[in-house]
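Since this is a predicted model, take the numbers as computed values, not measurements.
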2 protein chains.
Amino acid sequence: MSQGSGNMPPKRPLTLRDVSEASGVSEMTVSRVLRNRGDVSETTRAKVLEAARELGYVPNKIAGALASSRVNLVAVIIPSMSNMVFPEVMTGINEVLEGTELQPVVGITNYKPEREEAVLYQMLSWRPSGVIIAGLEHTEAAKAMLGAAGIPIVEIMDTDGEPIDSAVGISHRRAGRKMAQAIIDAGYKRIGFLGTKMPLDHRARKRFEGFTQVLAKAKLEIADSEFYSGGSALKKGREMTEAILKRNEENPLDFLYYSNDMIGAGGLMYCLDNGIDVPGQIGLAGFNGIEFLDGLPRKLATMDACRLEIGRAAAQIIAKRVETPDAPGGEVITLEPSIAYGETLKRKKKLI
Amino acid sequence: MSQGSGNMPPKRPLTLRDVSEASGVSEMTVSRVLRNRGDVSETTRAKVLEAARELGYVPNKIAGALASSRVNLVAVIIPSMSNMVFPEVMTGINEVLEGTELQPVVGITNYKPEREEAVLYQMLSWRPSGVIIAGLEHTEAAKAMLGAAGIPIVEIMDTDGEPIDSAVGISHRRAGRKMAQAIIDAGYKRIGFLGTKMPLDHRARKRFEGFTQVLAKAKLEIADSEFYSGGSALKKGREMTEAILKRNEENPLDFLYYSNDMIGAGGLMYCLDNGIDVPGQIGLAGFNGIEFLDGLPRKLATMDACRLEIGRAAAQIIAKRVETPDAPGGEVITLEPSIAYGETLKRKKKLI
DNA sequence: AGCGAATATGTTATCGCTAACAAATTCGAT
DNA sequence: ATCGAATTTGTTAGCGATAACATATTCGCT
């Protein structure tokens with residue numbers, strides 16, 4: 001099966017030369033067979049493949065990439081992998097890239113700009129064919145690297161700002177505004193906000209900005225808010241909800257807007273456990289549209305962040321640009337998130 | 001900032017030679033400065049770093065790796081990224097690798113052996129410094145590749161079987177046995193099983209085997225079972241629970257063992273929503289110990305799969321072997337999962 | 001000042017593969 | 001047979017970095 005018909009364990013890794021010697025043709029011909037490139041007669045093709053299989057040869061992409069200056073990697077740089085949202089983006093990316101020669105390589109930044117910069121540097125040093133990176137906010141150095149890399153760059157998730165090259169996402173300001181409008185339309189007045197203690201989560205910040213902006217237009221403002229960091233989001237949602245409701249017992253809140261579905265689900269459970277009428281006494285809404293919500297006792301209102309679609313579109317942009325290197329670039333795709341009212345947000349009162 | 005002080009966009013990617021020319025020293029010296037290797041005077045070091053920064057030079061690891069035959073990548077091959085368990089393993093791996101020069105590269109197999117084989121081949125063609133791969137079951141070809149790669153291999157999650165090199169995990173058979181024993185000890189008799197329709201999830205299969213084995217010793221067997229695939233696990237847990245309970249109304253079940261926490265949580269919610277007394281009328285248990293459970297109205301009994309610890313230990317084995325290439329290898333670490341009784345599994349009746 | 005040991009820098013030869021071009025072989029049509 | 005075109009195979013020269021060795025330079029000490 002490997003290494004000269006069951007001989008000693010391998011010492012030196014195999015190279016093209018080994019296959020070439022074993023099959024009696026030149027290295028170049030072996031290379032051609034293994035890459036399906038150029039004309040090779042059926043006879044030698046079979047001979048070479050047989051030899052390669054017999055030896056257990058695995059090509060060395062490092063050498064191949066250096067020689068051809070083609071690297072079929074796409075760098076994907078995202079803040080986190082543990083909150084449901086980016087895994088789904090990855091699924092979208094994978095779906096599209098599986099149909100090509102490109103392979104994604106993921107780097108995690110933990111929402112830290114300096115970490116992002118370091119990860120980006122590492123990634124670029126592999127000379128990938130493209131970069132998909134979350135967000136529009138980066139350090140100056142990171143922006144310079146991206147600008148100078150000479151490869152397609154797609155910034156994802158967010159389109160509120162100036163992309164370096166291409167961008168795919170939703171407008172989080174608009175998402176915040178839309179949700180605020182729906183809440184106002186449904187007649188809620190005393191609104192609480194619950195979110196993460198994350199000055200660096202720009203998307204959450206933009207949603208918040210859009211949200212308060214629309215409230216302001218209706219002469220409303222956030223009645224109270226609560227922030228968390230770390231721990232089980234579900235549990236935190238529960239705890240924060242308890243805290244904010246207790247704190248406002250005299251002048252009770254009638255709506256809670258959560259910055260993500262997980263804490264929203266926790267809040268929902270708290271309300272149900274404590275006999276609070278949802279959405280009569282109090283309305284609830286989250287953000288993201290995670291599949292998980294389907295299993296809850298009551299369906300939480302949310303807004304879909306189009307994660308799968310974002311992943312797909314971003315990968316498509318890269319794939320297209322790799323195929324057609326002199327295509328223009330600079331494409332911006334803004335997806336439109338839609339509200340899922342679920343069962344925790346009253347519909348707009350019918351107009352007469 | 002880049003490319004000759006704000007000139008035209010970059011055409012040809014920068015190389016060591018560019019930095020060398022810009023700083024007036026040899027390429028070798030630049031290389032030494034950039035890698036912090038060998039003696040370089042403070043003066044030239046500063047000069048070189050300045051030039052590199054000024055140009056926006058990013059080293060080419062492809063070329064570096066080929067020349068030094070050292071690739072600081074660790075291939076991590078796992079079945080999925082969307083079910084809470086592997087992201088946590090990744091966190092453990094990352095934690096350890098961040099302290100080294102090694103960088104993880106992830107490949108996803110979707111529980112398909114042929115996909116695993118393909119991903120492995122891709123990964124090995126980058127000549128990584130080590131491989132961390134989930135499970136002990138692989139195709140013959142995959143085993144051959146792993147055996148012949150000449151690098152440290154760590155098979156993770158499971159230790160019920162013969163590893164190729166090293167292994168870190170728990171015994172899933174033992175985990176199944178342990179849970180069965182706890183259930184029997186608590187006095188439950190009519191036990192239902194709910195799991196995934198996944199003939200290729202060997203770990204789940206082994207847990208099931210261990211589980212039934214202990215039941216058999218106590219002259220018990222699974223009273224009924226239910227399987228699912230795809231969709232929201234939480235919802236599926238709810239639906240399967242309803243189905244299995246309805247089907248056994250005449251001779252009701254008194255325990256439900258779920259093959260993962262997510263469907264367990266769905267089942268728990270179903271029971272609570274329908275006024276079923278847990279754990280009095282019926283006991284419930286899952287598997288994995290996901291953090292998520294903390295936020296549930298009642299804490300589900302489960303068994304910790306030691307995911308974080310598995311990731312850490314696996315990465316440590318690789319890191320150690322990379323540092324000391326002639327160390328023996330073949331290390332097997334079996335972690336001991338412990339039962340978390342939560343509030344859905346009665347404790348063993350006190351012995352007199 | 002003078003000499004060997006450090007310390008700093010430069011040179012040369014790969015690493016394993018592929019692009020580009022060159023040579024050899026096959027083949028059909030005359 | 002014979003020639004040119006088409007097909008198949010081989011040769012040569014890097015890709016951009018680093019290892020290993022060679023050559024300056026600097027320095028302390030007698």
Taking it one step at a time, do A:His138 and A:Glu117 satisfy side-chain hydrogen bond (donor to acceptor under 3.5 Å, both in side chains)?
CA-CA 8 Å; A:His138 318 287; A:Glu117 191 179 311; over 6 Å; no
Side chain to side chain contact (heavy atoms under 4.5 Å, CB included) between B:Thr109 and B:Ile78: does it pass, once the steps are laid out?
CA-CA 6 Å; B:Thr109 69; B:Ile78 55 181; over 6 Å; no
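Per the geometry, CZ belonging to A:Arg37 stands 13 Å off C1' belonging to C:dC17, to the nearest Å. In this structure, A:Glu21 atom CD and C:dG16 atom P are separated by 13 Å, rounded to whole Å. To the nearest angstrom, C1' of C:dC15 lies 4 Å from CG of B:Leu66. Look at CG on B:Asn72: it is 16 Å from P on D:dA17, rounded to the nearest Å. In this entry the distance linking CZ of A:Arg17 with C1' of C:dT18 reads 15 Å, nearest Å. Residue B:Leu16 contributes atom CG, which lies 12 Å from atom P of D:dA19 at whole-angstrom precision.
Within the structure, a side-chain polar atom (N or O) of B:Tyr57 is placed less than 4.0 Å from OP1 or OP2 of D:dA17. Put simply, B:Arg35 has a side-chain N or O that comes within less than 4.0 Å of OP1 or OP2 on D:dT18. OP1 and OP2 of D:dC15 both lie 4.0 Å or more from every side-chain N or O belonging to A:Arg70.
In this structure, B:Glu309 pairs ionically with B:Arg312, as a charged nitrogen and a carboxylate oxygen lie closer than 4.0 Å. A:Glu162 has no carboxylate O lying under 4.0 Å from a charged side-chain N of A:Lys143, or vice versa, which leaves the two without a salt bridge. Using a cutoff of 4.0 Å between basic side-chain nitrogens and carboxylate oxygens, B:Arg321 and B:Asp165 are scored as salt-bridged. A salt bridge does not link B:Glu116 with B:Lys112: every distance from a Lys NZ or Arg NE/NH1/NH2 to an Asp or Glu carboxylate oxygen is 4.0 Å or more. The pair A:Asp160-A:Arg203 does not count as a salt bridge, with every side-chain nitrogen at least 4.0 angstrom from each carboxylate oxygen.
Between A:Val332 and A:Ser166, every side-chain heavy-atom pair lies at or beyond the 4.5 Å cut-off. Looking at B:Glu331 and B:Ile333, their side chains come closer than 4.5 Å, going by heavy atoms from C-beta outward. Counting only heavy atoms from C-beta outward, the side chains of B:Asn60 and B:Thr15 never approach each other to under 4.5 Å.
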Please tabulate, for side-chain N and O atoms in residues 40-51 of chain A, each donor-acceptor pair with protein atoms closer than 3.5 Å (sequence neighbours left out).
| residue | atom | partner | partner atom | Å |
| --- | --- | --- | --- | --- |
| A:Ser41 | OG | A:Thr44 | N | 3.4 |
| A:Ser41 | OG | A:Thr44 | OG1 | 3.0 |
| A:Thr44 | OG1 | A:Ser41 | O | 3.1 |
| A:Arg45 | NH1 | A:Asn36 | OD1 | 3.2 |

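Here the options are B:Val168, B:Ile93, B:Leu97, B:Val96, the test is side chain to side chain contact (heavy atoms under 4.5 Å, CB included), and the partner is B:Gln316; only B:Val96 passes.
Atom OG of residue B:Ser125 and atom OH of residue A:Tyr57 lie 9.5 Å apart, to the nearest 0.5 angstrom.
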Between protein and nucleotides 8-12 of chain D, what N or O pairs are separated by less than 3.5 Å?
| residue | atom | partner | partner atom | Å |
| --- | --- | --- | --- | --- |
| D:dT9 | OP1 | A:Ser41 | OG | 3.2 |
| D:dT9 | OP1 | A:Thr44 | OG1 | 3.4 |
| D:dT9 | OP2 | A:Ser41 | N | 3.2 |
| D:dT9 | OP2 | A:Thr44 | OG1 | 3.2 |
| D:dG10 | OP2 | A:Ser26 | N | 2.8 |
| D:dG10 | OP2 | A:Ser26 | OG | 3.0 |
| D:dG10 | OP2 | A:Thr29 | OG1 | 3.0 |
| D:dG10 | N7 | A:Arg32 | NH2 | 2.8 |
| D:dG10 | O6 | A:Arg32 | NH1 | 3.4 |
| D:dG10 | O6 | A:Arg32 | NH2 | 3.3 |

Pairs under 3.5 Å (N/O, protein and nucleotides 22-25 of chain D):
none

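Remark on the helix from C:dA1-D:dT30 to C:dT30-D:dA1: inter-end axis angle 30°, axes from five-pair C1' superpositions, rounded to 10°.
In terms of the side chain to side chain contact (heavy atoms under 4.5 Å, CB included) criterion, residue partners of B:Val71 (sequence neighbours excluded) are, by chain and number, A:Ile62, A:Trp126, B:Ala65, B:Leu73, B:Arg127.
At the heavy-atom level, A:Ser69 lies nowhere under 4.0 Å from the strands shown.
In the region residues 117-128 of chain A, proximity to DNA chain D at under 4.0 angstrom, judged on heavy atoms, holds for none of the residues.
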